[in-house]
Amino acid sequence: MAISLIFIIIIGIIFSVTGIISCFRIFNLTNTLLNYYKSLEKESLGDQDFPQIFIFIPILREMKILKRALSNFSQIQYPIEKLKIIIITTKKEFEYGYFSPNSIEIIQEEISKLNKSAGRKLFLNIHYPFSSGVKSDQLNYGINQLRLTFPNLFQKNTYIGVYD
């Protein structure tokens with residue numbers, strides 16, 4: 001009985017010492033990780049480290065949602081020179097008659113207002129001048145026009161998104 005009691009005490013001491021050592025290791029590891037993440041916060045990314053992003057929005061008779069959608073897009077937090085939102089209007093807007101205000105008029109008014117309040121040219125409007133074609137033609141035309149206007153922005157680190 002005395003031997004088993006001594007054996008239990010020795011095992012208890014071993015587990016206690018092992019637990020204390022493990023706690024010490026966990027404390028050191030946690031401290032090291034915290035210091036590492038604090039150093040990362042100090043090394044924030046510069047604007048040049050972000051990719052160039054173009055968001056294309058082809059529209060056709062979208063009068064009801066345009067203002068709210070553009071307002072939401074204006075809230076995107078991204079480096080100023082690295083984001084452009086391109087709204088592509090089309091001549092098809094007038095295919096079924098003239099509505100006032102139409103999408104093109106709303107776009108021009110909202111883009112002017114939002115760019116002015118943002119203090120930058122975040123929004124651009126490209127007009128697809130044909131009444132033939134489909135949305136993909138509208139998008140291809142917009143991309144080609146943008147490449148002609150800003151050839152230096154289309155590089156390896158350029159991404160294009162489409163919002164429909």
Side-chain angles (χ1 to χ4, degrees), residues 1-60 62-89 103 106-107 109-126 134-164:
M1 178 104 162
I3 294 177
S4 62
L5 185 58
I6 293 173
F7 181 71
I8 291 173
I9 291 172
I10 291 174
I11 290 183
I13 291 171
I14 291 172
F15 281 145
S16 296
V17 170
T18 306
I20 291 169
I21 291 171
S22 293
C23 286
F24 183 71
R25 286 182 177 169
I26 290 170
F27 174 77
N28 280 338
L29 178 63
T30 304
N31 199 26
T32 302
L33 288 173
L34 284 173
N35 289 333
Y36 173 73
Y37 285 114
K38 283 179 184 176
S39 71
L40 286 180
E41 287 176 0
K42 291 177 185 174
E43 300 174 18
S44 63
L45 294 174
D47 287 357
Q48 71 278 1
D49 298 321
F50 287 88
Q52 180 69 46
I53 295 179
F54 292 102
I55 299 174
F56 287 88
I57 307 172
I59 61 160
L60 175 61
E62 314 259 356
M63 290 81 74
K64 293 180 182 176
I65 63 161
L66 274 176
K67 288 184 181 183
R68 188 179 69 222
L70 294 179
S71 176
N72 289 340
F73 273 105
S74 72
Q75 303 302 314
I76 294 175
Q77 298 296 311
Y78 202 75
I80 292 173
E81 298 303 319
K82 296 290 186 165
L83 176 66
K84 297 279 185 234
I85 300 170
I86 297 87
I87 293 87
I88 307 172
T89 54
S103 293
I106 293 170
I107 287 297
E109 181 183 316
E110 286 300 304
I111 284 178
S112 177
K113 184 171 65 174
L114 290 169
N115 282 343
K116 188 176 181 179
S117 69
R120 62 184 172 135
K121 269 203 143 186
L122 173 62
F123 293 96
L124 300 171
N125 177 222
I126 295 176
V134 293
K135 194 176 296 188
S136 60
D137 297 314
Q138 200 176 343
L139 287 165
N140 287 332
Y141 180 83
I143 291 169
N144 288 332
Q145 290 300 307
L146 206 60
R147 281 183 180 216
L148 294 173
T149 308
F150 301 107
N152 58 329
L153 296 181
F154 283 89
Q155 299 173 2
K156 290 181 184 177
N157 203 16
T158 299
Y159 295 89
I160 295 175
V162 177
Y163 180 76
D164 187 18

Those residues that, when tested against F56, pass ring-ring contact (aromatic ring centres under 6.0 Å, His included) (two or more places apart):
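Applying ring-ring contact (aromatic ring centres under 6.0 Å, His included) to F56 gives none.
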
Output all residues satisfying ring-ring contact (aromatic ring centres under 6.0 Å, His included) with Y141, sequence neighbours left out; order by chain, then residue number.
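So Y141 forms a ring-ring contact (aromatic ring centres under 6.0 Å, His included) with Y128.
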
Looking only at heavy atoms, which two atoms of G142 and I88 are closest? And how far apart?
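G142 and I88 have their closest heavy atoms at CA-CD1, 3.9 Å.
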
Where S74 and L122 come nearest, the two heavy atoms and their spacing:
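Smallest heavy-atom distance, with atoms named: CA-CD2, 3.9 Å.
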
For the backbone of [Y] and the side chain of [X], can you confirm whether one donor and one acceptor N or O come within less than 3.5 Å of each other?
| X | Y | value |
| --- | --- | --- |
| N72 | A69 | no |
| S117 | L114 | yes |
| S71 | R68 | no |

Could you grab the distance from atom [atom1] of [X] to atom [atom2] of [Y], nearest 0.5 Å is fine?
| X | Y | atom1 | atom2 | answer |
| --- | --- | --- | --- | --- |
| I143 | Q138 | CD1 | CD | 11.5 Å |
| I11 | I6 | CD1 | CD1 | 12.5 Å |
| N125 | T89 | CG | OG1 | 4.0 Å |

Apply side-chain contact (heavy atoms from CB on, under 4.5 Å) to I13 and I10, showing your working.
CA-CA 5 Å; I13 291 171; I10 291 174; 5.6 Å; no

For [X], all residues meeting side chain to side chain contact (heavy atoms under 4.5 Å, CB included), sequence neighbours excluded:
| X | value |
| --- | --- |
| I8 | none |
| I76 | I55, F73, Y78, L83, I85 |
| F150 | L124, L146, N152, L153 |
| L148 | Q145 |

Residues in side chain to side chain donor-acceptor pair (under 3.5 Å) with K121, at least two apart?
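For K121, no residue satisfies side chain to side chain donor-acceptor pair (under 3.5 Å) once neighbours in sequence are set aside.
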
List in chain and number order the residues that pass side chain to side chain donor-acceptor pair (under 3.5 Å) with Q52, two or more places apart in sequence or in another chain; answer none if no residue qualifies.
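Partners of Q52 by the side chain to side chain donor-acceptor pair (under 3.5 Å) criterion come out as none, since no residue qualifies.
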
For a 4.5 angstrom cut-off between non-hydrogen side-chain atoms, does I106 reach L70?
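Side chain of I106 against side chain of L70, heavy atoms only: no contact under 4.5 Å found.
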
Can you list the residues that meet the salt bridge (charged side-chain N to carboxylate O under 4.0 Å, His left out) rule with K135, with sequence neighbours excluded?
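In terms of salt bridge (charged side-chain N to carboxylate O under 4.0 Å, His left out), with neighbours along the sequence ignored, K135 is linked to D164.
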
